[in-house]
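Positions are given from 1 along the sequence.
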Amino acid sequence: MERSTEEEAGGSGIQVIARAADILRALGLASDGLSQAEVAEQVGLARSTIHRLLNALEDEGLVESDGPRGRYRLGPEVSRLADTARRGQLASLHPLMEELSAEVNETVDLSVLDRTRATFVDQVVAPRRLRAVSSVGESFLLHCTANGKALLAAMTPHDLARATAGTLPRITAHTITDPETLAEELERVRAEGIAYDREEQTEGICAVGTVLRGLAGPPVAVSIPLPAQRFYGREGMLRDALLRWAERVERELSGDPRVAVLSRR
């Protein structure tokens with residue numbers, strides 16, 4: 001039985017979208033850009049087809065070139081779309097953060113890696129008179145915070161060396177300032193999947209933190225800050241609650257129930 005014209009048009013449209021996506025992926029892996037010939041070779045399409053698709057993508061701002069015979073790169077619209085998707089993903093975490101906050105009855109913070117600092121982008125404040133609260137948009141050093149140490153532990157050796165180069169400032173009497181001690185602490189964080197701040201950023205305030213995997217863009221960490229008097233003796237409960245929550249969120253983000261279990265071993 002022959003397909004209808006509408007079905008054929010739909011199939012053709014899907015094929016065009018798939019080919020355009022292949023082109024965007026190829027360009028995303030080429031930091032120096034690709035010529036039309038190189039795009040055609042990598043995607044496996046005729047030069048004439050690549051020419052038409054690149055022109056259409058360039059009209060939409062999804063790719064850009066140095067000129068008629070120049071090299072092609074991802075365009076500015078890709079970054080804007082990625083930023084929108086990223087904000088939507090982070091916003092979708094807020095109800096889940098509310099669940100975690102209700103479970104432990106403490107404040108929950110969401111932060112992102114911002115060069116050599118951790119910047120808070122969202123927060124659920126616990127309904128308690130004595131609580132630990134930081135302002136959204138505020139940023140902190142990495143070596144003396146739970147979220148910061150979780151982010152450091154997840155870095156490549158090259159990025160870690162760059163992030164911890166120079167002197168480690170002493171913020172409180174408990175701050176780790178010796179590079180070897182910090183390296184040992186980060187090794188423990190990698191093994192256990194959890195980082196601690198034991199009054200290292202602020203006297204009287206402690207926290208537990210972990211990296212949340214599966215999100216696009218800069219690394220993300222979730223932490224539970226609280227007064228020191230409610231931290232000591234409850235570290236195990238806070239650790240277990242945060243890790244269970246992170247594993248559940250990672251499963252939901254990936255759609256694969258094995259992802260969080262495998263990644264945290």
Side-chain angles (χ1 to χ4, degrees), residues 24-33 73-74 76 78-83 85-87 89-90 93 109-123 134 136-172 174-198 200-201 207-225 239 242-243 246-247 249-250 253-254 259-265:
L24 294 175
R25 293 190 190 98
L27 293 175
L29 296 174
S31 58
D32 295 328
R73 297 174 179 81
L74 292 178
V78 172
S79 297
R80 284 192 285 270
L81 291 172
D83 288 342
R86 166 83 167 178
R87 288 195 297 270
Q89 236 182 359
L90 292 179
L93 295 176
D109 291 325
L110 182 69
S111 56
V112 299
L113 179 64
D114 185 5
R115 297 183 182 178
T116 59
R117 301 178 73 89
T119 298
F120 290 106
V121 295
D122 197 7
Q123 183 180 73
S134 299
V136 171
E138 194 171 0
S139 63
F140 293 94
L141 296 170
L142 299 176
H143 72 287
C144 56
T145 55
N147 52 353
K149 284 191 278 188
L151 291 167
L152 285 174
M155 290 181 181
T156 64
H158 173 76
D159 290 341
L160 176 60
R162 184 171 55 182
T164 56
T167 302
L168 300 173
R170 181 177 296 281
I171 310 301
T172 74
H174 307 281
T175 304
I176 296 174
T177 58
D178 176 58
E180 291 187 7
T181 303
L182 179 62
E184 293 173 359
E185 173 81 353
L186 296 181
E187 195 61 40
R188 183 200 59 75
V189 175
R190 294 186 194 98
E192 299 180 10
I194 200 83
Y196 297 98
D197 168 4
R198 294 182 171 90
E200 298 164 50
Q201 165 63 34
V208 294
T210 192
V211 164
L212 191 59
R213 302 174 178 88
L215 289 164
V220 173
V222 177
S223 53
I224 303 173
R239 175 199 64 215
L242 180 55
L243 289 178
E247 289 176 356
V249 172
E250 288 170 0
L253 290 172
S254 68
V259 166
V261 175
L262 292 173
S263 65
R264 291 184 179 274
R265 284 179 179 172

- Glu192 and Arg239: CA distance, side-chain angles, deciding distance, salt bridge (Lys or Arg N to Asp or Glu O under 4.0 Å) verdict: CA-CA 10 Å; Glu192 299 180 10; Arg239 175 199 64 215; 5.6 Å; no

- Show the numbers, then the answer: is there a side-chain contact (heavy atoms from CB on, under 4.5 Å) between Arg117 and Leu141? CA-CA 5 Å; Arg117 301 178 73 89; Leu141 296 170; 3.3 Å; yes

- Task: Go through Arg213 and Glu250 one step at a time and tell me if the side-chain contact (heavy atoms from CB on, under 4.5 Å) criterion holds.
- Result: CA-CA 6 Å; Arg213 302 174 178 88; Glu250 288 170 0; 3.7 Å; yes

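The distance from atom SG of Cys144 to atom CZ of Arg170, rounded to the nearest 0.5 Å, is 11.0 Å. Rounding to the nearest 0.5 angstrom, the gap separating the CD1 atom in Ile194 from the OG1 atom in Thr210 is 5.0 Å. Put simply, CD on Glu200 and OG1 on Thr177 are 10.5 Å apart, with the number rounded to the nearest 0.5 Å. Rounding to the nearest 0.5 Å places CG of Asp197 at 10.5 Å from NE2 of His143. Rounding to the nearest 0.5 Å gives a distance of 6.0 Å between CG of Leu182 and CD1 of Ile176. Separating the CD atom in Glu247 from the CG atom in Leu243 is a distance of 6.5 Å, to the nearest 0.5 Å.
Pairing each heavy atom of Leu24 with each of Leu74, the nearest pair is O-CD2, 3.6 Å. Between Gly209 and Ala146, the closest heavy-atom pair is N-CB, 3.6 Å. Here the closest non-hydrogen pair linking Leu151 and Pro219 is CD2-CB, 3.7 Å. When all heavy atoms of Gln123 and Asp109 are compared, the closest pair comes out as NE2-OD1, 2.7 Å. Summarising the geometry of Arg188 relative to Tyr196, their closest heavy-atom pair is NH2-CD1, 3.3 Å, with the distance given to 0.1 Å. For Val189 against Ala150, the heavy-atom pair with the smallest separation is CG1-CA, 4.2 Å.
Between Ser223 and Thr145 the shortest side-chain heavy-atom distance does not fall below 4.5 Å. Put simply, the side chain of Leu186 reaches to within 4.5 Å of the side chain of Lys149, judged on heavy atoms. For the pair Met155/Leu142, a side-chain contact is recorded, criterion being any heavy-atom separation below 4.5 Å from C-beta on. Using a 4.5 Å cut-off on side-chain heavy atoms (C-beta onward), Leu93 and Leu212 make contact.
Using modelled atom types and a 3.5 Å distance limit, the side chains of Ser111 and Asn147 yield a donor-acceptor pair.
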